Amino acid sequence: MRKLLFVVPILLVAVGIAWAQGGMKKKKPLPYEFGSVTINNYSQQAGMPPVMFDHWVHRQNYTCRLCHVDIGFGMTAGSTKIRSADNMKGYFCGTCHNGRMVHNNKKIFESCAKEYSREEYKTCAKCHTRERSAAKEDEFYRFSEQMPGERFGNKINWELAEEKGLIKPVDYLEKVSSKKVNLKVNQDFAIKAKVEGMPDIIFSHKKHTVWNGCELCHPDIFVGVKKGTSKYSMTEIFDSKYCGVCHEKVAFPQTDCQRCHTRPPQG
Amino acid sequence: MKLIMGIVRRLKLVFMVGCLSLFISLQTAYGEDAWRADFDASCAQSNDAMSLSIPELKKLVERCDVLQKTIEKEDETVRKVFLKRLQLCKNLYIFVLESKAQEQKQK
């Protein structure tokens, strides 16, 4: 009995430490959950459920750059600190969700209001929600059926979908975006794999700039313009740094090794 | 007569206040337009940053610094959006500028 009294607390402490260090295996998100972000800076304080933002809904219509550069959304959940007042003034979500902007011949619903009726609350609940709706899940599967398949993440090959013209992400919004000259795309380059036998990475600027432009990656994520300036390892990438800023949460996950490691090792 | 004079005086006052508020609102509107146009012009070159010369990049960074001071005077939401946007393009210009300067040194 004494031994038991000694062993049980030690076991509990050990489990606690393992839990605190993230020792538990993360639940793999389902395809329609992949890229979902919960935004809860001020919602609950205001008596509303947090916002559940689905990237797949938005990236079929808009580039990453448009929202993360021109509209000003941060790259990590909660970093933008959006208030409903910001949306009502026509910024952040309110840039498009203003009840006036039209997309696919449909008015985009208005985000946030000072006062709302019971009926109007249904609009609030499109974003402020605790649970996923079966209708949205259905919508995802209907959409993904028309897109080229992929093994991981959303199970949608977004790059191919864009290349084939199945989606045409908008990169410019009148009165929001600055008019820019066409981007001169830098050449693709190879990054030598550190593990023997692992194919090298062919990094395509073209594929990335279509979605991101320049300033989304440089210098905040990658500090060098010259090849080899940013030194990073797979451990850091898995820790959501460098490529891992997007590839894991929204863009295809890193478990899909073959998407990046494409070239057989040279000489 | 006094009554008419009083009304005229009040009308004058209303007219002056109206003119003043119109002047202020126009100034605010055009003021915002002015910095917004400058913002667009400054950040529009980010796609072209790699082909700009060192003096051109330096000039853009200076423009961004001036703009930053103007935007800092705006309300919280505008500051949140535009200071972030400005930071992104300014950082890109500085980053290209530094790498070009380094390249020149190495030559």
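Letters A, B, ... are given to chains in the order of the sequence lines, protein chains preceding strands, and every chain is numbered from 1. Computed from a predicted structure; not experimentally measured.
- Interatomic distance, B:Ser46 OG to A:Leu216 CG, rounded to the nearest 0.5 Å: 11.0 Å.
- In terms of heavy atoms, A:Val181 sits closest to B:Asn47 at O-ND2, 2.9 Å.
- At a 4.5 Å heavy-atom cutoff, the contact between A:Lys179 and chain B is made by backbone atoms alone.
- For NZ of B:Lys84, the number of neighbouring non-hydrogen atoms (other residues, nucleotides, ligands) closer than 6.0 Å is greater than 12.
- For a residue to count as touching a neighbouring chain, one of its non-hydrogen atoms must lie under 4.5 Å from one of that chain's; by this rule B:Tyr93 does not touch chain A.
- The aromatic rings of A:His218 and B:Phe95 sit parallel, their planes meeting at an angle under 30°, below the 60° perpendicular limit.
- Under the 4.5 Å side-chain criterion, counting only non-hydrogen atoms from C-beta, A:Asp220 is in contact with B:Leu88.
- To the nearest 0.5 Å, the span separating CD on B:Glu76 from NZ on A:Lys81 amounts to 11.5 Å.
- Of the atoms belonging to A:Ser177, it is backbone heavy atoms, and not side-chain ones, that fall under 4.5 Å from chain B.
- The main-chain N or O of B:Thr77 is never found under 3.5 Å from a side-chain atom of A:Arg83 such that the two would form a donor-acceptor pair.
- Taking the side chain as every heavy atom from C-beta outward, A:Phe92 and B:Lys80 approach each other to under 4.5 Å.
- Atom CZ of residue B:Arg85 and atom CD1 of residue A:Ile71 lie 8.5 Å apart, to the nearest 0.5 angstrom.
- The shortest side-chain heavy-atom distance between B:Gln45 and A:Lys180 does not fall under the 4.5 Å cut-off.
- Scanning both residues, A:Ser178 and B:Cys43, for their nearest heavy atoms gives OG-CB, 4.5 Å.
- No part of B:Glu98 comes within reach of chain A, as not one of its non-hydrogen atoms sits under 4.5 angstrom from that chain.
- The closest side-chain heavy-atom distance from A:Glu215 to B:Asn91 is not below 4.5 Å.
- Residue contact with chain A, scored on non-hydrogen atoms closer than 4.5 Å, is absent for B:Ser42.
- Counting heavy-atom neighbours within 6.0 Å of B:Lys100 NZ, excluding the residue itself, gives a total above 12.
- Using a 4.5 Å heavy-atom cut-off against chain B, no residue of residues 47-55 of chain A qualifies as contacting.
- Considering only heavy atoms from C-beta on, A:Lys89 comes within 4.5 Å of B:Asp75 through its side chain.
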